[in-house]
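Data block below; observations after.
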Number of protein chains: 2
Amino acid sequence: MSTATSKRELDHPAREEIRLETVLHALSDPVRMRVVRELAAAEGELSCSDFDLPVTKSTTTHHFRVLRESGVIRQVYRGTAKMNGLRRTDLEELFPGLFDRILEAAGLQGARLGG
Amino acid sequence: MSTATSKRELDHPAREEIRLETVLHALSDPVRMRVVRELAAAEGELSCSDFDLPVTKSTTTHHFRVLRESGVIRQVYRGTAKMNGLRRTDLEELFPGLFDRILEAAGLQGARLGG
DNA sequence: GTCAAACTACGATGGTTCTCGTACAATGGA
DNA sequence: TCCATTGTACGAGAACCATCGTAGTTTGAC
């Protein structure tokens with residue numbers, strides 16, 4: 001039916017609604033940081049099941065929702081899959097250079113600690 | 001007595017022990033972000049009571065401890081006062097450019113939202 | 001020695017978060 | 001239509017966190 005599609009549209013914060021503290025909090029969880037780094041490395045969209053995370057499916061859903069509601073990622077349904085992409089343009093506009101530095105820092109720390 | 005001084009020495013993580021996720025978490029609280037911004041603006045050390053925070057003294061103690069244990073600030077006693085300073089060198093060495101971008105992002109958001 | 005100032009320790013409370021399991025819904029293909 | 005795939009909703013538990021009040025410690029000045 002036609003109303004079914006409305007249920008499949010996901011709430012995202014507008015660019016101006018994205019808050020720095022919320023973004024930092026979203027990135028302060030190791031599982032979510034890992035998701036973000038994989039998304040950045042993929043340079044495109046990935047479905048939730050493309051990730052091999054050390055948590056169950058429902059916990060995965062939770063983490064993706066936190067990332068979406070913080071404004072870090074954009075999620076859209078594509079068939080049964082849900083595709084995820086970083087909101088790089090929005091973040092770059094709001095917080096110039098920040099996201100790249102965070103990714104770089106995560107990479108350096110990963111190299112240092114063997115992550 | 002001489003052992004009394006040991007009680008006044010505060011535990012700090014060594015540079016190599018500082019974790020990105022922990023730093024981001026420390027900065028994801030509005031009160032702590034405010035402290036960090038004031039410290040950055042002061043360009044020197046400030047005592048805990050130099051801050052006019054919207055929380056009680058015991059909550060203030062809590063926030064300063066989180067910042068210290070995350071590696072963002074260094075705290076040292078000076079008489080009855082406890083002086084606070086940013087660990088800019090350590091952070092810059094670990095995560096080049098990150099801290100400046102975060103401060104810049106906080107400034108931009110403050111200007112945008114009137115904070 | 002006395003006292004005020006600065007900060008801490010402790011316990012409590014209310015809220016949030018991370019995690020899971022189970023049951024369910026939507027989609028696309030056979 | 002039936003089914004496998006993909007992800008959600010809901011409830012629950014454990015842990016964590018921000019906040020407070022009260023009582024206490026440490027220091028320096030008088």
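Chain A is the first sequence line, chain B the second, and so forth, proteins listed ahead of strands; every chain is numbered from 1. This structure is a prediction, so every number in the text was calculated from the model and none was measured.
- Listed by chain and residue number, A:Leu24, A:Phe95, A:Leu98, B:Met33, B:Ala105, B:Ala106, B:Gln109 satisfy the side-chain contact (heavy atoms from CB on, under 4.5 Å) test with A:Leu20 (two or more places apart in sequence, or in another chain).
- Picking from D:dT26, D:dT6, C:dC7 the nucleotide with the shortest atom distance to the side chain of B:Ala81 gives C:dC7.
- Computed from coordinates, the B:Leu53 CG to C:dA6 P distance equals 14 Å when rounded to whole Å.
- For residues 8-57 of chain A, the pairs satisfying ring pair (Phe, Tyr, Trp, His ring centres under 6.0 Å) are A:Phe51-A:Phe64, with sequence neighbours left out.
- With sequence neighbours excluded, no residue satisfies side-chain hydrogen bond (donor to acceptor under 3.5 Å, both in side chains) with A:Thr61.
- Between B:Arg74 and B:Glu45, none of the side-chain N atoms (NZ, or NE/NH1/NH2) sits under 4.0 Å from a carboxylate O, so this pair counts as no salt bridge.
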What N/O pairs connect the protein and nucleotides 12-20 of chain C at under 3.5 Å? Give each pair on its own line.
from, atom 1, to, atom 2, distance (Å)
C:dC18, OP1, A:Arg32, NH2, 3.2
C:dC18, OP2, A:Arg32, NH1, 3.1
C:dC18, OP2, A:His62, NE2, 2.9
C:dT19, OP2, A:His63, NE2, 2.3
C:dC20, OP2, A:Thr56, N, 2.8
C:dC20, OP2, A:Thr56, OG1, 3.2
C:dC20, OP2, A:Thr59, OG1, 2.8

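- In this structure, A:Tyr77 atom OH and C:dA25 atom C1' are separated by 10 Å, rounded to whole Å.
- Between the CD atom of B:Glu9 and the P atom of D:dT27 there is a distance of 11 Å, given to the nearest Å.
- For A:Arg68, the side-chain hydrogen bond (donor to acceptor under 3.5 Å, both in side chains) test picks out A:Gln75, with sequence neighbours left out.
- Nucleotide C:dA6 holds its P atom 18 Å from the CG atom of B:Leu10, rounded to whole Å.
- Each of B:Arg68 and A:Thr80 was assigned the nucleotide of DNA chain C with the nearest heavy atom; the assignment lying further toward the 5' end belongs to B:Arg68.
- Distance CE (B:Met83) to P (D:dG28): 14 Å, rounded to an integer number of Å.
- Residue order along DNA chain C, read from the 5' end via each residue's closest nucleotide, puts B:Arg65 first among A:Arg78 and B:Arg65.
- Summarising the geometry, the separation between CZ on B:Phe64 and P on D:dT19 is reported as 13 Å, rounded to the nearest angstrom.
- Following rounding to the nearest Å, A:Glu45 (CD) and D:dT6 (C1') show an atom-to-atom distance of 16 Å.
- Among residues two or more places apart in sequence or in another chain, the salt bridge (Lys or Arg N to Asp or Glu O under 4.0 Å) test is passed with A:Asp50 by none.
- Ion pairing of B:Arg34 with B:Asp52 is absent here, as no side-chain N (NZ or NE/NH1/NH2) approaches a carboxylate O to less than 4.0 Å.
- Nucleotide D:dG7 holds its C1' atom 10 Å from the CD atom of A:Gln75, rounded to whole Å.
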